Number of protein chains: 2
Amino acid sequence: MKYREIFSKEQIEQIHESTLYILEKVGIHFTYQPALDVLANGGAKIDGKTAYFPRQMVEEQIKKAPSQFTLYARNPKNNLTIDMDNIVFTPGYGAPFVTDLDRGRRKASLQDYENFAKLSHFSPYQDIVGGMLAEPNDIPHEIRHAIMMYSCIKNSDKPYMGSVMGTKGAKDSIRMAAILFDCDEKTLKEYPSLISINCSLTPLGYDDRMLGSIMEYAKARQPQLISSLAIAGSTAPATLAGTLVIQNAEILAGIVLTQLVCEGTPVIYAASSSNTEMRYGSLCIGSPENALCVTGTAQLAKYYNLPSRAGGCISDSKVPDAQSGYESMMNMLIAESSGINFVLHSAGITESFNCMSYEKFMIDNEICGIVKRIRKNIEVNEDTLALKLIETVGPGGHFLDKEHTCLHFKNEFYHPEISNRSNYNSWKIDGARHAMDVAKDKYRAILANFEPPQLSTSIDKKLQKYIEKL
Amino acid sequence: MKYREIFSKEQIEQIHESTLYILEKVGIHFTYQPALDVLANGGAKIDGKTAYFPRQMVEEQIKKAPSQFTLYARNPKNNLTIDMDNIVFTPGYGAPFVTDLDRGRRKASLQDYENFAKLSHFSPYQDIVGGMLAEPNDIPHEIRHAIMMYSCIKNSDKPYMGSVMGTKGAKDSIRMAAILFDCDEKTLKEYPSLISINCSLTPLGYDDRMLGSIMEYAKARQPQLISSLAIAGSTAPATLAGTLVIQNAEILAGIVLTQLVCEGTPVIYAASSSNTEMRYGSLCIGSPENALCVTGTAQLAKYYNLPSRAGGCISDSKVPDAQSGYESMMNMLIAESSGINFVLHSAGITESFNCMSYEKFMIDNEICGIVKRIRKNIEVNEDTLALKLIETVGPGGHFLDKEHTCLHFKNEFYHPEISNRSNYNSWKIDGARHAMDVAKDKYRAILANFEPPQLSTSIDKKLQKYIEKL
C-alpha cells in the first residue's frame, strides 16, 4: 500500500538541511556530563553544556540504527516485529489522574494501574501491555517503577515498557528483565525485551534523568523511543515546518547519542508534537496540527530508514463524548494512513495527556480494532472477486444466503464490541445507551472475570525479592 | 501530496477486467425503455430489460466524461471547481427522520428542512447548501422537490442539488435553475448550475425514476453523481473485492448512458458501498469495511480519470456520542486521505442514513473544519522553517511572545467551535458539558440570528409562480 504523504522529497530535504544547520550552529543542551563526554569523543564540539553536531557525524551515526528489530515477550506468541511497515499498539502512558463514570476523576492509584494492565492484556488490539499506564500515586517514589513493571509482568505475558527514571530506573528495569527471562544481561543484549520512551526537553535539550536512561538502555542494547514533543507556538515556532525542525534536531541528537554508546541499538524515531491552544497557552493534542505533525513524523522517519512512533487515541476532551471519539480516531487513523509503526498512546488517554479514562480505554480499543481491520486491506483474488457467484446471482438477486457469504463474512467483516448497529427501536428498548455506557459495562465485566497468565513461582519470588531490596 | 492507496495498479486492473466481464456477460438491468434504446444505439446488446456492454463501448464512452468542471452558484464567490484534487463538502442527504436533544426523534418536516438549509449556508465548511437535507414529510409529494429547492435558493447563495424524482423532478429542477440564473436552458448547458445524485439499484440494475433523471440531466448537460451503494453480504458478495466489482459495473454502466445521451456531460464516480451487519441483516455505514470501500472508490475513479464521491460524516449511532464521533471522523478522514473529491454526506447523518441530527450536524461541521485544515497541509519555506527565530530563541527558550508567533498562529492553527481545550477545572465550572451540549447551543444561536442572503424580488416571484403551477 501507499502511505499518505504531505511533503515532497525536496521539502523533506529542506527540513533535513535546516535540522543539520540547527544541530551544527545552535546546538543541543545536555545537562548530563557522561553524555557530553560521549558526544565529544564522537566528534561533537562542546561549549559548556551545549553540544554542536557536525553534519557528517549526524549522518554517519543515524545510519547505524537498525530499520527492524524484534521485541521479545515472555510468551513467544506475543513477540513483536518493529519495522517500517508493521503497526504496533501500546496503551496510554503517563497520566497522573484517572476517571470513570461511577467515581469521577481522581489521582491514580496502584489499583488503577493494575486494572489498566488487565484491560490491556485482555485486549486483542494492544500489542504491548504498557509502561506508565497511570501514575500509582499511592506507591513510594523509590519503588514505584519496579512495582509498575511487576504489575505488568504478573498480569500479562505481552511485552512491557521499562522505567526511564534515570540510570537507576533503567538499571532496575534491565535487571528485572534478566530475572524474568532467566538469563544474564549479556544474553538480554541479543534479545531486546524492554522498550522505553526517552523524551527531549524542548526546545533543543535533554535532562539528566532522560540522558541517564538513554545511555543505560543503550549500553544494554535495549530498544528506545527517542521522542520529542515540540509545541508549535510555545516551545517551537507557530509554523509547523519550524516545529518539525525543532523536533527533528532533538530526535537526531538523541539517536546519535544512542549509537555512540552502542552501535546498532534499536531506536524508534518518536514524536508527539502538536500546537498551543493560544486562548489558554496550553498544549492541545486533538488538533489537526497534531495530525499533520504525525504525517510529517512518519515521512521524516522513513527518510532516515527508521521505524516511527506517534500518538494514537488521544484527546483534549474531559469525557468519553463525541469530541473524544473524533479526536482519537483522527490521530489513530492518520498514524495508520501515514505508515507510523509504533503507536503510543493507543487507548485511554484524555484531557491533553492528564487523565486515563476507563470508558475511553474500551472505546479506544474499538478504534484500534477498526484501524487494524482497515490495515488488513482488501484481498484481491479469484475467490474474493467472486465473478462466478455474481454471474449466478445476476441482476436483482441477493447474496445473503449464499455459501460464499457464510464462508467469508466472519473474517472479512470487523465485529464491533462498542458500536451500536441495531435499529432505533431495538436500541431504545435496550436502554438507549451511549457508547460510554456500553464501555462501562464492558470494562467491569473484564475486570470481574480476569485471570492472569501463569508465571513461574521461582521467577515470581526472585522478582519480589529484587523489589524488596530496593 | 500522495494519497493513501490500498491497491496496486495490477489489482485495480484485475477489478477493472472483472467489471468488464460482468458488463459483457452478466449485463445490467434497465427498467426504462428510452435508456435501453439509447444503449442499443450505442452498441449494447439488449435482451429483454438487460443490456450487455461490449468492452470497447465501455472504454470509449468513459473517456468522454470530463475530469474537471465548474459548478456555478448564484453568488459567483461560491462557484466550485470539481476535479481530481479538490475536495468539496455537501451535507447529509435523504433521511426521513430528524432528531435533537430537546424534542427527540421524529418525522422530518419542512421546518427541519429549512433549519438545515440555514445551518448549511451558515457553515464555512459546507460548499453546497444541500439536496434532500431531510425529507419534508408534511409537504405533498407532487411539489416536495420544488419546495426543497426553493428553500435552498431562499436560504443560501451556495450551489444546491437538483431533484431526482424521475424525468419530472429533473425537468422542474432545470427550469427552476434557468429562472434563478435568469437564462434559457441552452445557456444553462454551458454553465452547470445543478448537481444531482442518481443511484443504481444494486445488484446490477437501475430503476425508471433514476434513469429518467439521469437522461434528463444529461440532455441538459448538468453534472451528476452516478452512485452505487453495494452492500457486502447482502446485495453484493461478502468479499469487498467482489463488492467493488458490482459497484464498478453499475457506475460504469450509468456513466456510459450519460455520455451516450450527451457526450461530455460532467459526472462524478460516486459510491457509498459498505457491508451488512450480519446479526441484523442490516446496512452498517460506520464500519471499517465502508472506509476500505472509500479508498477503493477513490482509486477506481482516478483510474478512469474522473472525480470521485464518497460518504463522509456518517454513523450507525443513534445519538451524538463517541461512536458518532469516531465513525464520522473515520469516514471523513479516509475520504480526504484517499483523494475523494466530493463528499456527500458531510454533516448530520446518523442512524445508518435514517436520521439527521441537529447536534451531530454541528459536531460534523467541526470535523469538516478539522479535515479542511489537514488538507491545507504544512507550508515549507524560509519563513515557516524559521531558522533565524530558532537560532535567536536557542535551547531552553520559548516562542510564546515572539512576533513570528503572533503573525502566524491565527492562520496556522485551526480554531475549534465545539472541541473543549480548557483545563479540567475551567471545564467543570463551565458546566461540565459534553460536545453534544455545546453543539445544541451553537445551532440554536445560528438559527435564532439567521439572515438569508438577498434574492432578487422578480426572480423570487417567478420561482413562486412556477411552483404554484405544479
Side-chain angles (χ1 to χ4, degrees), chain A residues 1-2 4-6 11 14 18 26 29 204-205 233-234 237-242 275 277-278 284 288 291-292 316 318-326 329-330 333 337 363 367 370 373-374 377-378 380 384-387 389 391 395-396 399-400 405 408-409 412-414 419 421 427 434-435, chain B residues 1-2 4-6 11 14 18 26 29 204-205 233-234 237-242 275 277-278 284 288 291-292 316 318-326 329-330 333 337 363 367 370 373-374 377-378 380 384-387 389 391 395 399-400 405 408-409 412-414 419 421 424 427 434-435:
Chain A
M1 65 175 279
K2 270 194 202 159
R4 186 175 192 276
E5 291 185 2
I6 55 172
Q11 289 176 317
Q14 266 180 286
S18 304
V26 183
H29 200 243
L204 306 176
S234 51
T239 44
L240 299 178
N275 65 312
E277 170 52 67
M278 301 303 281
C284 53
L292 285 163
D316 299 309
K318 318 299 173 276
V319 275
D321 64 349
Q323 177 188 351
S324 173
Y326 63 70
M329 177 58 91
M330 173 190 73
L333 189 58
S337 290
I363 295 169
I367 294 177
I370 290 169
R373 170 63 190 97
I374 290 175
N377 279 346
I378 297 178
V380 183
T384 62
L385 287 164
L387 288 198
L389 172 67
E391 202 161 2
F399 298 75
L400 258 174
T405 303
H408 282 286
F409 86 89
E412 188 77 351
F413 301 166
Y414 173 75
S419 307
R421 293 176 173 178
W427 169 80
H434 286 224
Chain B
M1 65 174 279
K2 269 195 204 157
R4 185 175 193 278
E5 291 184 2
I6 54 171
Q11 289 176 316
Q14 266 180 287
S18 303
V26 183
H29 201 245
L204 307 176
S234 51
T239 44
L240 299 178
N275 64 311
E277 170 50 66
M278 301 302 281
C284 54
L292 286 163
D316 299 308
K318 319 299 174 276
V319 274
D321 63 349
Q323 177 188 351
S324 172
Y326 64 69
M329 178 58 91
M330 174 191 71
L333 189 59
S337 290
I363 294 169
I367 293 177
I370 289 168
R373 170 62 190 98
I374 290 175
N377 279 347
I378 297 178
V380 183
T384 61
L385 288 164
L387 288 198
L389 172 66
E391 202 160 3
F399 297 76
L400 258 175
T405 302
H408 282 286
F409 86 88
E412 189 77 350
F413 300 166
Y414 172 74
S419 308
R421 293 176 173 178
Y424 178 79
W427 169 79
H434 287 223

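Computed from a predicted model, the values in this text were never measured in an experiment. Numbered from 1 within each chain, the chains take letters A, B, ... in sequence-line order. Note that these values count all heavy atoms, side chains included, but never hydrogens, waters or copies made by symmetry.
A:T384 places no side-chain N or O within 3.5 Å of a backbone atom of B:T239 that could act as its donor or acceptor partner. In this structure, the side chain of B:E412 engages the main chain of A:L240 through a donor-acceptor pair within 3.5 Å.
Taking CG from A:L385 and CD from B:Q11, the interatomic distance works out to 9.5 Å, rounded to the nearest 0.5 Å. Between the CH2 atom of B:W427 and the NE2 atom of B:H434 there is a distance of 6.0 Å, given to the nearest 0.5 Å. With rounding to the nearest 0.5 Å, the separation of CD1 in A:I363 from CG in B:D321 is 7.5 Å.
Residue A:L387 touches chain B through both its backbone and its side chain, counting heavy-atom pairs closer than 4.5 Å. Within the 4.5 angstrom heavy-atom criterion, atoms from both the backbone and the side chain of B:S234 approach chain A. At a 4.5 Å heavy-atom cutoff, the contact between A:L389 and chain B is made by side-chain atoms alone. With a threshold of 4.5 angstrom between heavy atoms, A:S337 approaches chain B through its backbone and through its side chain. Within the 4.5 angstrom heavy-atom criterion, only side-chain atoms of A:M278, from C-beta onward, approach chain B. With a 4.5 angstrom heavy-atom cutoff, A:P237 touches chain B via backbone and side-chain atoms both.
Contact count against chain A (heavy-atom pairs under 4.5 Å) is highest for B:V380 among B:V380, B:D316, B:I6, B:I367. The most heavy-atom pairs under 4.5 Å with chain B, out of A:L333, A:N275, A:I374, A:T405, come from A:I374. Most heavy-atom pairs under 4.5 Å with chain A: of the set B:M1, B:Q14, B:R4, this distinction falls to B:R4. For the set B:K318, B:H29, B:E391, the entry with the most heavy-atom pairs within less than 4.5 Å of chain A is B:K318. When each of B:A435, B:A291, B:G233 is checked for heavy-atom pairs under 4.5 Å with chain A, B:G233 comes out on top. Ranked by heavy-atom pairs under 4.5 Å with chain B, the list A:A322, A:S324, A:A386, A:G242 is led by A:A322.
The shortest non-hydrogen separation linking B:S419 to A:Y326 is OG-OH, 2.7 Å. The heavy-atom pair separating B:Y414 from B:R421 by the smallest distance is O-NH1, 3.8 Å. Residues B:I378 and A:A241 come closest through the heavy atom pair CG2-N, 3.6 Å.
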